[in-house]
Structure formats: C-alpha cells, structure tokens
**Student:** 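Before we start, here is the structure in question, set down as structure tokens.
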Protein chains: 2
Amino acid sequence: MQKITMADVAKAANVSKSTVSQYLNKRYEYMSEETKKRIAQAIEELGYQPNFVARSLKQKSTSTIGVIVFNILHMLTTQVLRAIEDVCQERDFHVIVCNTDDDPEKEKKYIEMLRAKQVDGLIIFPTGRNYEWYEKMVNESFPLVFVDRMVPDLPVDAVLLDNYKAAKLAVDHLADVGYERIGIVTPPLVSYNIPRTERVEGFKLAVKARGLQVMDEYIVNLEIPCIKEGLTKLFRSGCPPQALFAINDLTLMEVLHFVQENQLRIPHDIALISIDDVPFASIYTPTLTTIAQPAFEMGRKAAERLFQKIERNNEEKEPQILRLEPVLKKRQSVSWRSNP
Amino acid sequence: MQKITMADVAKAANVSKSTVSQYLNKRYEYMSEETKKRIAQAIEELGYQPNFVARSLKQKSTSTIGVIVFNILHMLTTQVLRAIEDVCQERDFHVIVCNTDDDPEKEKKYIEMLRAKQVDGLIIFPTGRNYEWYEKMVNESFPLVFVDRMVPDLPVDAVLLDNYKAAKLAVDHLADVGYERIGIVTPPLVSYNIPRTERVEGFKLAVKARGLQVMDEYIVNLEIPCIKEGLTKLFRSGCPPQALFAINDLTLMEVLHFVQENQLRIPHDIALISIDDVPFASIYTPTLTTIAQPAFEMGRKAAERLFQKIERNNEEKEPQILRLEPVLKKRQSVSWRSNP
DNA sequence: TTGTATGCGTTATCAC
DNA sequence: GTGATAACGCATACAA
C-alpha cells in the first residue's frame with residue numbers, strides 16, 4: 001500500500017505536477033475544462049490523498065494550533081476546549097491538546113515540542129512558572145494567548161474571568177440577604193496562581209466595602225485533601241461562619257463532603273456559594289447558588305484573538321487582557337437570613 | 001525573525017549538515033568530542049529549533065495521533081482523553097482532538113484531514129455511520145482503534161464497556177435488595193449506537209434471568225428533552241416502577257430533575273441506579289448508587305493497543321474487542337425494600 | 001569521523 | 001494554459 005503522490009496523478013492524467021497542484025488549490029483561472037476533468041478522474045481512480053505535511057513544509061504553516069492546559073479534567077477546561085475546537089473547525093484548523101498537571105517542566109517541554117511541530121499558534125492555561133519561555137515567544141511575536149490565568153509583567157493577551165467581580169458578586173449576594181459572618185475556602189495561595197489570589201483579594205475588598213469584618217480564621221486556604229479537616233476545626237470553634245464561599249468546583253466538592261459528613265443543613269446551618277456552575281447545581285438538594293464562568297465565551301474569545309494574531313502577524317497591538325463577566329445563578333443554597 | 005535551520009548551525013560550527021543531523025539524533029558513536037562541542041555551542045548561540053515538519057516529511061511519521069470524539073463534554077470522553085494523553089506523553093507523541101457532535105459528515109471530514117496530516121494512528125469514538133471510511137482504513141491497515149462504541153461486521157479493534165454485564169449488575173443489585181418492578185431510561189435506540197442497544201438488551205435478559213417481567217412501558221426511550229415528560233406519564237399510570245436504571249449520565253440528570261420536580265424521595269418512592277460514576281454521586285443526598293466505567297483504563301488500553309499497531313504495523317493480528325469490567329458502586333439510592 | 005548528494009511531496013517562479 | 005525546475009528543512013546511503 002504505497003502512497004499515491006501528486007506525481008502519480010500527474011502521470012496518470014498526462015499533465016505535470018504543477019498543473020495538478022494548481023488544480024488542487026483551485027487556481028482554475030487558466031485551466032481548460034478538459035485537463036480539469038482528466039485530473040479529477042485520475043485523482044478519483046488512484047484514490048489520491050494530498051500530503052499535508054509536505055504542503056506545510058513548503059508553506060510554513062500547519063493549520064494546527066496547540067492548546068496546553070493544566071488539567072483537562074476540569075469542567076472549565078473541557079468547555080473552553082470545546083469552544084476553541086468549534087472556532088478551529090470553522091477555519092479547518094486542528095487542535096493539539098496537551099496536559100501539564102500544572103507541572104512547569106511538562107509545560108516547557110510541550111511548548112518546545114509544539115513549536116518544533118510548527119503549530120501556528122498556542123493557547124495556554126499557564127502554570128505561570130516558565131517566564132523565560134513565555135517571554136521568548138513574545139519576543140519572536142509568536143501568536144500566543146493565555147486563558148484562565150495570566151502572568152504578571154508579561155505583555156501577552158489573556159482571557160480570564162473577572163475574579164474581583166466574581167468575589168464581589170458572591171459577597172454582595174450573601175450580604176444582601178443578611179449574612180454577616182462569611183468564610184472563603186480556597187486551595188493554597190501561591191504567587192503564580194492569579195485567579196485564586198484575585199478571588200481572595202476580591203473577597204476581602206468586598207467584605208470591607210460592605211462594612212463587615214474580614215476574619216482571618218474564616219479564610220481557609222489548604223490543600224484540597226486537608227480542607228475537610230480545616231473546616232471541621234473551624235466549625236468546632238466558638239463562632240463559625242454563617243456562609244461559605246468556595247472558590248472553585250474542586251473546593252466546593254470538599255465543602256459538600258464536609259457538609260454531608262457533619263449532617264449540616266444548607267442553607268440553615270451554613271449557606272453556600274461557589275464559583276463554577278457545576279452541572280449538578282440545579283439538581284442538588286437544595287439547589288446550589290453559583291457564579292458561572294462564561295467558559296464557552298472564554299474559549300471562543302481566546303481562539304478568535306489567536307486567529308487575529310495568526311492572520312495579521314505584523315500589527316503589534318497592545319496586549320489585551322479580557323476579563324469576562326461572571327454570572328450569578330441564584331438558587332437555594334443561599335437564602336434570606338434574618339439578623340439576630 | 002527568520003528561522004534558523006540546520007544549515008545555519010552547520011555553517012556556524014564549521015561542519016556539514018549531516019553531522020549536525022547526526023548530532024541531533026544522538027548518533028554520537030563516531031563523533032569527536034570537539035565537533036560535538038562546536039555543534040552544541042552553535043545551536044545554543046543561534047537558538048536553533050529543529051523543524052519537526054521537515055523531519056516528518058522525510059521519515060513518514062509525525063509522532064502525532066488523532067482522537068475523534070463525538071462529545072468532548074462527556075465525562076467519559078474527558079477521562080479517556082486524559083488517559084490517552086498520558087500514554088502519548090510517555091512516548092513523546094501528541095494528540096489532535098476533534099469533536100464531531102455525533103455528526104457523520106464532520107467525522108468523515110476529520111478522518112480525511114487527519115490522514116492528510118499524516119497522523120500515525122487514529123482513536124475514534126465512532127458515530128458508526130461512515131462504514132466505507134472505516135473500511136478503507138482497515139484495508140490499508142492504517143492503525144485504528146475504536147472506543148466506547150464498536151461497528152458491527154468491521155474488523156477493527158475496540159475498547160468498550162461490557163454493557164451486558166453492566167446492565168446485569170444493575171438489575172441484579174436491584175433484585176437482590178427486593179425490587180421487582182424495574183424501569184430503564186435511555187435515549188432513543190438506534191442501530192448504530194451499540195452501547196445503548198446492548199444496555200437495554202442486557203437489561204431485558206437480566207430481568208428475565210431473575211424470573212421477573214419485562215414490562216414494555218417501563219422501557220422509557222426518548223430524546224433527552226422528552227424524558228421528564230415521559231417519566232411523568234409513566235408515574236401517573238396505575239403501576240409505576242419501583243426502581244429506575246438510567247443508562248448514562250445524561251439520562252440520569254433528567255431523571256434527577258424529574259425526581260426533584262415531583263418531590264419524590266429516593267429510594268423510598270423510587271430507587272435509582274445508573275451507569276457512569278458521576279462526580280457528585282457521593283455528595284448527592286442520598287448518595288447515588290452507580291455503575292462506574294473504567295474510563296482511564298479504557299483510554300490507556302486503547303492507546304496502548306494503537307501503539308502496538310503503530311510500532312509493528314505488519315503483523316496482522318485478529319481484531320480484538322476489549323470489553324472492560326463495569327464496577328458497581330453501592331450507595332444509598334438503592335436500598336433494601338421489603339416485599340409487599 | 002565527516003562531507004556530498006539525493007529525496008521526501010508540495011508549492012512557486014518562470015519560461016514556453 | 002501548461003511544464004520544468006528550484007526550493008522547503010531534514011535524514012541517510014555512500015563516498016572520502
């Protein structure tokens with residue numbers, strides 16, 4: 001089963017390779033109907049399939065982009081990916097997906113390999129810990145867009161949630177219905193993880209803006225497996241929070257486990273709000289109040305921005321940080337609380 | 001910022017291109033330390049990055065596989081993808097992910113384009129409706145593995161759930177604890193969707209094997225948006241089922257919505273079991289009894305099988321249909337029911 | 001141990 | 001309108 005090439009088609013149709021190439025690229029202008037037919041027939045008979053690799057080599061463009069994510073298992077990632085795929089589909093581009101487990105070494109390797117494979121652009125959910133590599137791409141003005149996280153001091157386009165607004169939305173909603181002692185649950189705060197930092201920061205600002213107290217012990221920042229224990233301690237203390245704000249879906253899961261194990265009633269014993277509109281929010285009992293990230297919009301915007309850069313590579317626009325609007329989904333896990 | 005090529009490196013290091021090529025491919029055997037150093041230095045100074053496309057053209061291998069799925073948003077898909085990615089990572093392969101929305105036209109186009117891009121193999125969650133294209137790949141003995149679904153009468157390796165066993169597991173568990181009137185909920189049965197068909201078939205067999213009655217009106221097969229309505233009708237009828245078996249996560253969601261809207265109590269009013277171990281199974285109230293698919297194993301097995309075919313392309317083994325074991329996760333949504 | 005020549009399958013530039 | 005011919009960047013057989 002050796003491959004049929006353009007040369008074979010040319011021979012079969014009694015024309016030259018160049019003519020076949022013209023035909024394939026629809027440069028019909030100066031081509032006789034006769035030859036067109038003969039070529040079409042030869043292609044058909046031989047079952048010729050163009051070799052895109054050769055074409056890519058010549059044209060210096062692969063119609064392929066790379067997407068490097070830190071965890072493909074996150075809902076957000078999947079949805080963003082889906083949106084990116086849709087945009088690519090419209091343009092006959094393909095997507096190479098790579099998973100880093102938030103490991104900078106893997107990220108570095110992927111960046112290197114994908115660039116070696118000559119992808120036309122890269123969308124990255126960055127670990128945030130490969131500054132030189134990001135910078136290198138910027139310097140070469142290689143098409144690059146960050147998603148979900150951004151890297152400070154680096155002029156790279158990024159599409160992410162407006163985390164401050166999301167936190168404010170949560171706090172304001174809780175405060176509006178009468179909650180005063182509000183806790184927040186998050187994985188550890190690390191400098192390179194911007195969303196976490198921003199959400200906690202936004203939380204503090206919003207609490208203060210409401211004239212409420214920011215209680216340090218209400219800020220639970222622990223590795224995922226330790227969260228339940230941390231919450232247990234907090235709730236055994238004298239004055240536990242009346243409401244918890246879970247910073248993302250994974251922490252929400254831990255909070256729910258905690259609630260279940262301790263037979264707490266939502267929202268009576270503890271009100272709950274979280275970022276990420278988990279799929280079971282509307283079927284949980286009670287239904288869960290969440291703050292949805294516009295995941296598809298994030299993916300679409302990121303992809304569109306990337307294609308802008310791919311298509312007119314020259315015009316060096318200012319890097320643009322898109323902060324998309326969170327959406328409050330009011331459900332039952334937060335409800336009116338009369339003041340004591 | 002024009003590209004640095006091997007020729008540039010060769011010139012800078014004062015050697016020929018071939019020597020550089022040797023160096024890059026670690027064919028050090030007959031190379032003097034001196035030249036090695038010079039080449040290494042030249043590469044470093046020029047910031048040379050190999051062009052993998054050119055290499056691929058020459059070697060007829062791209063170190064890239066394609067994965068065509070029908071819905072990347074399904075948990076199962078994501079998990080399988082993740083496992084595939086892990087296997088590929090070990091081998092320095094990359095994965096191009098394509099999403100078909102279960103549309104055969106899109107699938108066809110993707111198969112064509114990915115083959116044009118010279119991927120070394122393909123893992124497909126098939127729509128089941130591109131028989132000729134699948135067959136073409138088989139005839140050319142192009143490395144191909146199906147996942148989740150299989151296509152009857154086509155000698156293609158496939159990795160899927162043992163759907164019969166899964167259905168039997170569900171029915172037996174329900175029967176063991178005393179349920180007799182068992183219903184099943186599924187999207188429409190169509191010939192090309194093997195898992196659905198097998199699960200319903202397996203359900204019927206298992207019910208009969210238990211000496212129970214297969215009631216046609218207990219087999220709810222409707223488009224997802226119609227399921228709630230169908231269930232409503234069923235439960236208004238004289239003799240509704242005591243337990244429901246949801247065939248996958250999407251139908252489960254509909255069943256849960258139905259349950260919630262009608263304020264039914266699980267498992268008192270209706271017991272529930274479903275295939276797909278949804279992430280909220282253990283935090284739902286009550287916790288949900290499910291039958292887990294070994295998603296990671298599926299992905300890993302599929303990828304390993306594909307690499308076997310890629311590596312020793314010749315040996316034409318009999319196609320192998322791997323049916324993986326479902327795992328019953330007993331939780332609270334099914335519990336002892338005393339016979340009336 | 002290193003260099004030369006050739007080819008991988010296309011596309012692009014010119015002649016004809 | 002169509003056909004030579006030369007790239008594209010790398011790998012490899014063979015020569016030196």
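The sequence lines fix the lettering, A, B, ..., with proteins before strands; numbering per chain opens at 1.
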**Student:** Using the side-chain heavy atoms of A:Ser32, tell me which of these nucleotides is nearest: D:dG1, D:dC8, C:dG9.
**Tutor:**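 Among the listed nucleotides, the one closest to the side chain of A:Ser32 is D:dG1.
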**Student:** Given the structure, check if the side chain of B:Lys17 and the base of C:dT4 hold any donor-acceptor pair shorter than 3.5 Å.
**Tutor:** no
**Student:** Between the side chains of A:Arg305 and A:Gln308, is a donor N or O closer than 3.5 angstrom to an acceptor N or O?
**Tutor:**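 Yes - a donor-acceptor pair under 3.5 Å links their side chains.
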**Student:** For B:Asp8, answer base if it contacts any base atom (sugar-phosphate contacts may also be present), sugar-phosphate if it contacts only those atoms, and nothing otherwise; contact means non-hydrogen atoms under 4.0 Å.
**Tutor:**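 The answer is nothing, as B:Asp8 stays clear of every strand by at least 4.0 Å.
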**Student:** Between B:Arg55 (CZ) and C:dG9 (C1'), how many Å, whole number?
**Tutor:** 18 Å
**Student:** OP1 or OP2 of D:dT2 versus the side-chain N and O atoms of A:Ser16: is any pair under 4.0 Å?
**Tutor:** no
**Student:** If I take atom CD in residue A:Gln22 and atom C1' in nucleotide D:dA4, what distance separates them, rounded to the nearest angstrom?
**Tutor:** 13 Å
**Student:** On DNA chain C, compare the nucleotides closest to B:Glu34 and B:Ala54; which residue's is nearer the 5' end?
**Tutor:** B:Glu34
**Student:** Is there a donor on the side chain of B:Ser18 or the base of D:dA11 sitting less than 3.5 Å from an acceptor on the other?
**Tutor:** no
**Student:** Got more than 12 heavy atoms from elsewhere within 6.0 Å of CD, B:Glu90?
**Tutor:** yes
**Student:** Calculate the interatomic distance between B:Lys58 atom NZ and C:dG7 atom P; express it in whole Å.
**Tutor:**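 Between P of C:dG7 and NZ of B:Lys58: 9 Å.
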**Student:** Over how many whole Å does the gap from A:Asn51 atom CG to C:dT11 atom C1' extend?
**Tutor:**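 It works out to 13 Å between those atoms.
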**Student:** Contact class for A:Thr35 vs. all strands (heavy atom < 4.0 Å): base, sugar-phosphate, or nothing?
**Tutor:**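 Contact class for A:Thr35: sugar-phosphate only.
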**Student:** Using atom CG of A:Leu24 as one end and atom C1' of C:dT10 as the other, report the distance to the nearest whole Å.
**Tutor:**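 Atom-to-atom, A:Leu24 to C:dT10, this comes out as 10 Å.
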**Student:** In terms of side-chain geometry, is the basic nitrogen of A:Arg149 or A:Asp102 positioned less than 4.0 Å from the acidic oxygen of its partner?
**Tutor:**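 The answer is yes: the pair qualifies as a salt bridge.
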**Student:** More than 12 heavy atoms of other residues, nucleotides or ligands under 6.0 Å from NZ of B:Lys136: is that the case?
**Tutor:**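 Counting other residues, nucleotides and ligands, NZ of B:Lys136 exceeds 12 neighbours.
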**Student:** Heavy atoms under 4.0 Å, any strand shown: does B:Met6 hit a base, just sugar-phosphate, or nothing?
**Tutor:** sugar-phosphate
**Student:** Establish, with yes or no, whether the OP1 or OP2 oxygen of D:dC8 is under 4.0 angstrom from a side-chain nitrogen or oxygen of B:Thr5.
**Tutor:**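 No.
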**Student:** Report the distance from atom CG of B:Leu57 to atom P of C:dG7, rounded to the nearest whole Å.
**Tutor:**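 Answer to the nearest Å: 14 Å.
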**Student:** Once you round it to whole Å, what is the distance between P of D:dG1 and NZ of A:Lys37?
**Tutor:**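 For the pair A:Lys37 NZ and D:dG1 P, the rounded distance is 15 Å.
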**Student:** Establish, with yes or no, whether the OP1 or OP2 oxygen of C:dT2 is under 4.0 angstrom from a side-chain nitrogen or oxygen of B:Thr19.
**Tutor:**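 So the side chain of B:Thr19 is outside the cut-off, no N or O lying under 4.0 Å from OP1 or OP2 of C:dT2.
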**Student:** Verify the neighbour count for atom NZ of B:Lys106: are there more than 12 heavy atoms of other residues, nucleotides or ligands below 6.0 Å?
**Tutor:** yes
**Student:** Between atom CD in A:Gln59 and atom P in D:dA7, what is the gap in whole Å?
**Tutor:**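 Atom CD in A:Gln59 sits about 17 Å away from atom P in D:dA7.
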**Student:** Would you indicate what B:Val20 reaches in the nucleic acid, counting non-hydrogen atoms under 4.0 angstrom: base, sugar-phosphate, or nothing?
**Tutor:**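 Here B:Val20 touches no strand at all.
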**Student:** Side-chain N or O of A:Tyr48 less than 4.0 angstrom from OP1 or OP2 on C:dT10?
**Tutor:** yes
